[in-house]
Amino acid sequence: MTPVALTIAGSDSSGGAGIQADLKSFAALGVYGASAITALTAQNTTGVSGIHPVPASFVTAQIDAVFSDLNVGAVKIGMVAQAETIVAIAGALQRWAPRHIVLDPVMVATSGDRLLAAEAVDALKTMLFPLASLITPNLPEVAALLNEPVASSEADVEEQGRQLLAMGCRAVLVKGGHGHGTESIDYLIDGERSIALAAPRIATANTHGTGCSLSSAIAAGLAKGEPMETAVRNAKAWITDAIAAADRFAVGHGHGPVHHFHKYY
């Protein structure tokens with residue numbers, strides 16, 4: 001069987017994040033990628049200049065078209081943009097009941113531009129979190145979701161992660177890329193344990209699409225049948241290498257993309 005993953009996310013016209021980054025991540029890891037686009041963005045490495053949401057009914061149509069024909073092993077959800085889209089996605093996924101759902105609660109782009117309407121945050125938490133096998137917020141996103149300060153210690157990270165678990169998801173990966181120190185430490189937290197996953201912190205400005213790509217890499221591993229911890233560890237190692245190779249590119253004048261195909265060129 002060919003492993004298949006579906007990304008439900010926004011399009012990045014510059015190709016470094018969103019749907020484009022997701023499909024590159026799937027391909028780099030040997031998984032066939034399908035997509036349902038939630039929004040078009042006019043975007044480059046310096047920022048987002050426009051967002052055009054796709055009608056919710058057409059988001060549903062895309063998801064139904066994929067599931068009715070392809071054997072989807074895992075779903076990645078990224079930018080959902082607005083509450084109506086969240087309702088559509090939740091309804092479709094409840095009907096199709098995929099085995100694995102990785103939700104990246106994209107709220108703000110690397111450039112600082114907001115990608116999720118403020119009034120849609122509650123819908124994200126109440127309708128999509130309970131469907132998720134894993135959610136992958138970074139430290140500022142965790143704080144925003146909980147209306148709390150950004151965690152500054154391992155104990156704070158674990159406590160905030162467990163608050164998110166209480167919202168219904170099966171596991172949380174709190175990403176430490178926005179932290180400090182020589183290592184970037186992510187925490188995989190489920191109902192039984194918390195696992196610290198450390199990697200060297202890489203000095204580069206070219207981190208556009210990092211969060212999208214990591215969550216997609218995890219979904220790719222799950223689509224291939226990897227257990228959750230294995231999928232997360234493998235994805236962490238892959239994205240670390242993709243960031244380390246990002247400076248091989250000379251793309252744009254802002255935060256350039258990571259190098260999804262660093263193994264090949």
Side-chain angles (χ1 to χ4, degrees), residues 3 5 22 25-26 29 31 73-78 90 93 97-107 121 124-202 210-243:
D22 297 342
S25 302
F26 294 159
L29 294 166
V31 172
V75 174
K76 175 265 172 83
I77 304 173
L93 294 181
R99 184 181 219 183
H100 302 292
I101 298 173
V102 178
L103 171 61
D104 185 18
V106 178
M107 302 171 75
V121 175
L124 183 76
K125 292 190 287 190
T126 59
M127 301 192 74
L128 291 183
F129 278 23
L131 301 179
S133 311
L134 176 73
I135 63 172
T136 62
N138 59 38
L139 289 168
E141 286 166 345
V142 172
L145 288 165
L146 297 174
N147 293 313
E148 293 186 0
V150 174
S152 58
S153 69
E154 181 175 339
D156 289 342
V157 170
E158 292 190 16
E159 170 58 27
Q160 290 186 343
R162 300 209 175 277
Q163 288 185 59
L164 292 176
L165 272 182
M167 295 180 186
C169 55
R170 297 202 290 278
V172 179
L173 181 68
V174 179
K175 298 178 296 190
H178 288 75
H180 304 284
T182 59
E183 291 185 315
S184 173
I185 305 176
D186 300 343
Y187 292 87
L188 177 60
I189 302 165
D190 61 21
E192 300 176 355
R193 57 189 174 160
S194 174
I195 303 170
L197 305 170
R201 190 176 299 280
I202 298 163
T210 303
C212 304
S213 302
L214 175 62
S215 56
S216 296
I218 297 169
L222 295 172
K224 291 190 287 188
E226 295 172 0
M228 179 63 74
E229 182 181 340
T230 302
V232 171
R233 288 185 180 276
N234 288 343
K236 171 83 169 174
W238 175 80
I239 196 63
T240 299
D241 290 343
I243 297 169

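If you take OG1 on Thr210 and NZ on Lys175, they are separated by 8.5 Å, rounding to the nearest 0.5 Å. Distance CZ/Arg201 to OG1/Thr240: 11.0 Å, rounded to 0.5 Å. The line from CG of Leu128 to CD1 of Ile135 is 10.5 Å long, rounded to the nearest 0.5 Å. Note that CG of Leu222 and CZ of Arg99 are 9.5 Å apart. Values are rounded to the nearest 0.5 Å.
No side-chain heavy atom of Leu164 sits under 4.5 Å from any side-chain heavy atom of Ile189. Side-chain atoms of Val172 and Met167, non-hydrogen and from C-beta on, never get closer than 4.5 Å to each other.
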Pair Arg193-Glu229, side-chain contact (heavy atoms from CB on, under 4.5 Å): steps then yes or no: CA-CA 11 Å; Arg193 57 189 174 160; Glu229 182 181 340; 3.0 Å; yes
Audit row: Lys236, Ser184, side-chain contact (heavy atoms from CB on, under 4.5 Å) steps and yes/no: CA-CA 10 Å; Lys236 171 83 169 174; Ser184 173; 3.8 Å; yes
From CA spacing to verdict: side-chain contact (heavy atoms from CB on, under 4.5 Å), Val232, Leu134: CA-CA 10 Å; Val232 171; Leu134 176 73; 4.2 Å; yes
Test side-chain contact (heavy atoms from CB on, under 4.5 Å) applied to Ile77 and Leu131, step by step: CA-CA 11 Å; Ile77 304 173; Leu131 301 179; over 6 Å; no
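With sequence neighbours left out, Arg170 forms a salt bridge (Lys or Arg N to Asp or Glu O under 4.0 Å) with no residue at all. In this structure, Lys224 has no salt bridge (Lys or Arg N to Asp or Glu O under 4.0 Å) partners at least two apart in sequence or on a different chain.
Scanning both residues, Ser213 and Ile239, for their nearest heavy atoms gives CB-CD1, 3.7 Å. Residues Arg233 and Leu197 come closest through the heavy atom pair NH1-CD2, 3.3 Å. What you find for Asp156 and Ala151 is that their closest heavy atoms are CB-CB, 3.6 Å. In plain terms, the two heavy atoms of Ala223 and Ala5 that are nearest each other are CB-CB, 4.4 Å. Of all heavy-atom pairs spanning Ala196 and Tyr187, the tightest one is CB-CE2, 3.8 Å. Across Val142 and Pro137, no two heavy atoms sit closer than the pair CG2-CG, 3.5 Å.
Using a distance-only test at 3.5 Å, with no hydrogens or angles considered, no donor-acceptor pair links the side chain of Gln160 to the main chain of Val150. Side chain of Lys76 to main chain of Ala220: no donor-acceptor pair is present (N/O by atom type, distance under 3.5 Å, no hydrogens or angles). Between the side chain of Ser133 and the main chain of Ile101, a donor-acceptor pair closer than 3.5 Å is present. The closest donor-acceptor contact from the side chain of Glu141 to the backbone of Asn138 lies under 3.5 Å. Arg162 places a side-chain N or O within 3.5 Å of a backbone atom of Asp190 that can act as its donor or acceptor partner.
Screening Leu173, Thr136, Asp104 for a side chain to side chain contact (heavy atoms under 4.5 Å, CB included) involving Leu214 leaves a single residue, Leu173.
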